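First up is the structure itself, then whatever we jot down about it.
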Amino acid sequence: MLLTAGFAHASAEAEKSVLVLYGERGDLPAIEAVEENIRKVFHSSASPRVELYSEYLDFTRFSGEPNERSTLRYLQERYAGRRIDLIVPVTGSALEFAVVHHHELFPSAPLVFCAVDQRELEKLVLPADATGIIGHFDLERTIQLILQLQPEVAEIVCVAGTASFDRLWADETAKVMERFRPKVLARWIKDKSIAETVDEVSRVPKTSAVLFVSMLRDGAGQSTSSVDVLRDLVRASKSPVYGVSSQFLDVGIVGGAIFDFGENGRKAAELALKVLRGRWVPYGSPEAESQNPLVISWPALRRAELPESRVPAGAEVWFKPPGLWETHRRFILIVTGAVVLQAALIASLLAERLSRRRAESSLRQSEERMNLAADAAGLGMELWDMKKGEVWMTEKGRTLFGFERDAHLDSATITARVHPDDRPARDAAIKESINTQGEYSTAYRVVLPNGHLRWIGARGRSFSDGNGKVSLLLGVSIDVTRQRYAEDRFKLVVEASPNGILLVNEAGLIVLLNACAEKLFGYKREEILGRPIETLLPERFRVQHPTRRGQFLAPPTARSMGVGRELFALRKDGTEIPVEIGISPIQSEEGLLDLAVIVDISARKNAEAEALQYREELERQGRLEILGEMAASLAHELNQPLTGIMNSASAGRRFIARGRADIPKLDELLEAVVGDAQRAGGIIRNIREMTRKGEGVRTSVDLNAVVSEVALFVRSQALERHCVVVTEPDPRLALVKANPVLLQQVLLNIIINAFESMEKTPPERRRVIVRTQREANGEARVSVRDFGIGLPEEPERIFRQFFSTKAEGMGMGLALARLIIASHGGGLSASNAEGGGSCVYFTLPPDMERPV
Amino acid sequence: MKGREPLVFVVDDDKSVRTSLARLLESDGYMVESFVSAAEYLARKPYPGAACLILDVLLPDLDGLTLQRELEEQGRKEQIVFITGHGDIPMGVRAMKRGAVDFLAKPFLDDELLGAVSQALSRSAENWHKQDEVTQIQARVATLTPREFQVFRLVIAGSLNKQIAAELGAALRTIKTHRGRVMHKLGVESVAELVRLAEKAGIDPVRTGT
């Protein structure tokens, strides 16, 4: 509902682009099953037609932050300029990636996830435009199944691998197994290679059971496919092997509560289509839910010599050779259908008989229509004959209340089934209906004979006979247990949320708040419920707020407040805390409500301040390091004129001592001394300029000049390291607005890195090419190419603080260089160069005030 | 050495260092030639007299240490004084091990440099002197007949006349005559002198029975 407005417009377009992000590799059977079904569903969609993109991100093998960045960059570059209307992340890792990078990657595309477990979901803060199909491995029911099939089993050998997905489910299995102690104990085979695993499983006694969890990577670090490993295990095992994924059934497991990846994929794709067509279905709703059926493989059951009689009712038996039922299914169905039809006929005749005597013909007609409609909708129906106290109830109705098919029903027997606490409300509703001869609507719990509770939603109306006296009550009932639980769950989730949650009605009054909000604002619930929302706002925001809220309520879209500006909340004690607020409008029976999620960001603010301080410190350290690098060059530069001065002066003194001094000769020597002293002074001025705290000053800078200055400056270092520095300036290069000293530092750092990377390069190949280039968009680009060892495997690492390939380096150089370039509105990157070595380059925007 | 003037060469790519060094050396009475690069120096004809090479470690083409090795391989006799702007100790150690006279960090005192130069020149002169001596000995050895040369090598191995005679299949008296002629031609009076001379000229002894 919230998001339909946005999609309505989009759905007008005939073609949509969907990007499926698989968190695993593409050749896993489970992923193949998902992929196949997603493809089928999208393929069969005529409106909209779907252009499908698939990316296999393989987070099991490519985990960690740098991989994530490079994956992100890859996707950004690959899909630059393409519109993506919807993203389908498959598995939890893909969803996590999509959620974290949503704003960097197609921020307007909603997410429809697939094969994500509830537990994985709970770790994430989903954006408002995320929905999907929850899937999970049902280990509890699988273990129960093992116990039903093998009641004597004392030990279950659990097998799992070492990938993070394997570990997640191994932990989960361990937790579930704990609940079955001490009746049955778990023994684990994990962190073993495939061969070791197979070997150990082959020695499991026949009376035990093997529960295969998952193995995407074995203990030796080898990437595997669960199905392939399982095939070997089943072959080697003497005892029955169980598992939880539909793919496992094909390779011979006995069974389990089977999660069907393919089915999950199909549902996700169907959900995605609904979203693309402009219909929003939140996750967790019945439409988006998936149930794991108990499945037994008949051949595997036989092979394990387990009696079929132990197969629990409700379990599906697969791969069974056709029996009587299968062969004659059609016939049996027809006969059963005929019997059912007959029964229905009898029932409707009975209903007619009950009603005929008193009801008007119009009523009868409406009743029949209702009967039909009720059957179709799975509703229970009942007719109360008020005079006789008799009640007739449809089959479905009897099931809802837990009555036997032929039990005699009257008002009292039905009331007896209603939970005592709910009886007064129900009675009142019905009485009201009788009094007003109108409709009633109520909900109550039914206590079933087995003690279970069932929520019933009931609606009905009373009809009068000719005398104006109510004689007939027609009611429909429906099982609303699930919705009730969903509501309970919603309340629980809201209550348990680590963020403050408020619900505000159209009048601006607070109608709900959770425990965290109580704590956040320092109010007790009863103190604040029903009070205006402005109570929680600092004085200075109050005047404008009601109007702003009005604007906000007008277009019902989700959005967040406080992005880009500081928001504060007022606590009961008068103190203010910095907050971030997300608001979603919700249409409810009570009208349009605002759901506000409030996050206390004081901790984050503090962390940000600390981070800033830290960064400043790093920058200072980095400057020191660059200075250190410069010091060596400077020492050499200064020693040259000093040598000259000493030589010349000493020569003069010696000429004098030998009596060979003439004025022109002495003058020449003194002139040389003055020249060298001036040169030394110039060098010292340079140092002062480089280290002066004048970084704030930005002028129009000619990068070609910066390049040649730095090239000159590194000359002695180049000589020492047998490197040649070649400059290739582009005369058309634009001027840039920058601090020339900082740019010198950046370039110096890059060039010295280049020198260092070529220590193992043969001296004749040690070249550094510094090239400037005018880009097509007018930006100035400077690249430094070397012929050294190239970049490490994860190129982004070199820009991280404390990364250094040098033994004595502090590893701050390139991180700092990047900061400096970024502060000038440019970007700094590195890549491996063709023909060996690497190329570090940066671009800076042209100085708009000084076009070339 | 042939009575030539000692000569000092300066190789440094920094102009002010180069010219001021030349002035300093001239003030002490040396003849100086300056070069900007190693290649330029290598292009000059080797100086056949006592020579000192003042060499900057860092040069735009070859570095000083490589030039040192190159000169050594050519058997050149100029002695090297290194100067450097960095005072890099490991590099200095390597240079000294390869026979450099000194390794001076810029800026250096005039006495340090001039002392090193004079030491270098005397070492170079000595080298020339040794070279001349060897040349003279070799000239004298060249006057020996093949038979005398054979006897010469057997004598310096310490063989007795009797053994030499047996070895060469000649009469004892004949050997005595050869021996006397060798001593005379080479201008020595004792076997000890003969052995020293052979050593200087790099002539190996030959033992009997081999």
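Quick caveat: nothing in here was measured; it's all calculated off a predicted structure. The chains referred to below are lettered A, B, ... by the order of the sequence lines, with proteins before strands, and numbering in each begins at 1.
Around the CD atom of B/E189, the shell of radius 6.0 Å holds no more than 12 heavy atoms that belong to other residues, nucleotides or ligands. Few gaps surround CD on A/E728; more than 12 heavy atoms of other groups in view lie less than 6.0 Å from it. At most 12 heavy atoms of other shown residues, nucleotides or ligands fall within 6.0 angstrom of atom CZ in A/R771. Around the CD atom of A/E764, the shell of radius 6.0 Å holds more than 12 heavy atoms that belong to other residues, nucleotides or ligands.
For a residue to count as touching a neighbouring chain, one of its non-hydrogen atoms must lie under 4.5 Å from one of that chain's; by this rule A/L642 touches chain B with backbone and side chain alike. Looking at B/L109, both its backbone and its side chain come within 4.5 Å of chain A, counting heavy atoms on both sides. Proximity to chain A is limited to the side chain of B/D13, based on heavy atoms less than 4.5 angstrom apart. In this structure, no portion of A/R653 lies under 4.5 Å from any heavy atom of chain B. Residue B/D14 touches chain A through its side chain alone, counting heavy-atom pairs closer than 4.5 Å.
Shown here for A/R679 and B/S16, the closest heavy-atom pair between the two residues is NH1-OG, 3.3 Å.
The shortest distance between side-chain heavy atoms of A/T643 and B/S20 does not fall below 4.5 Å.
Note that CG of B/D110 and CZ of A/R654 are 4.5 Å apart. Values are rounded to the nearest 0.5 Å.
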Would you sort out whether B/K15 and A/D676 count as a salt bridge (charged side-chain N to carboxylate O under 4.0 Å, His left out), showing the intermediate values?
CA-CA 10 Å; B/K15 183 165 173 277; A/D676 280 333; over 6 Å; no
Decide yes or no on side-chain contact (heavy atoms from CB on, under 4.5 Å) for B/R23 and A/S648, but give the supporting numbers first.
CA-CA 7 Å; B/R23 294 291 164 277; A/S648 302; 5.8 Å; no
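Comparing B/V57, B/L114, B/T19, B/D56 by heavy-atom pairs within less than 4.5 Å of chain A, the highest count is held by B/L114. Among the candidates B/V17, B/I83, B/L113, B/D28, the residue making the largest number of heavy-atom pairs closer than 4.5 Å to chain A is B/D28.
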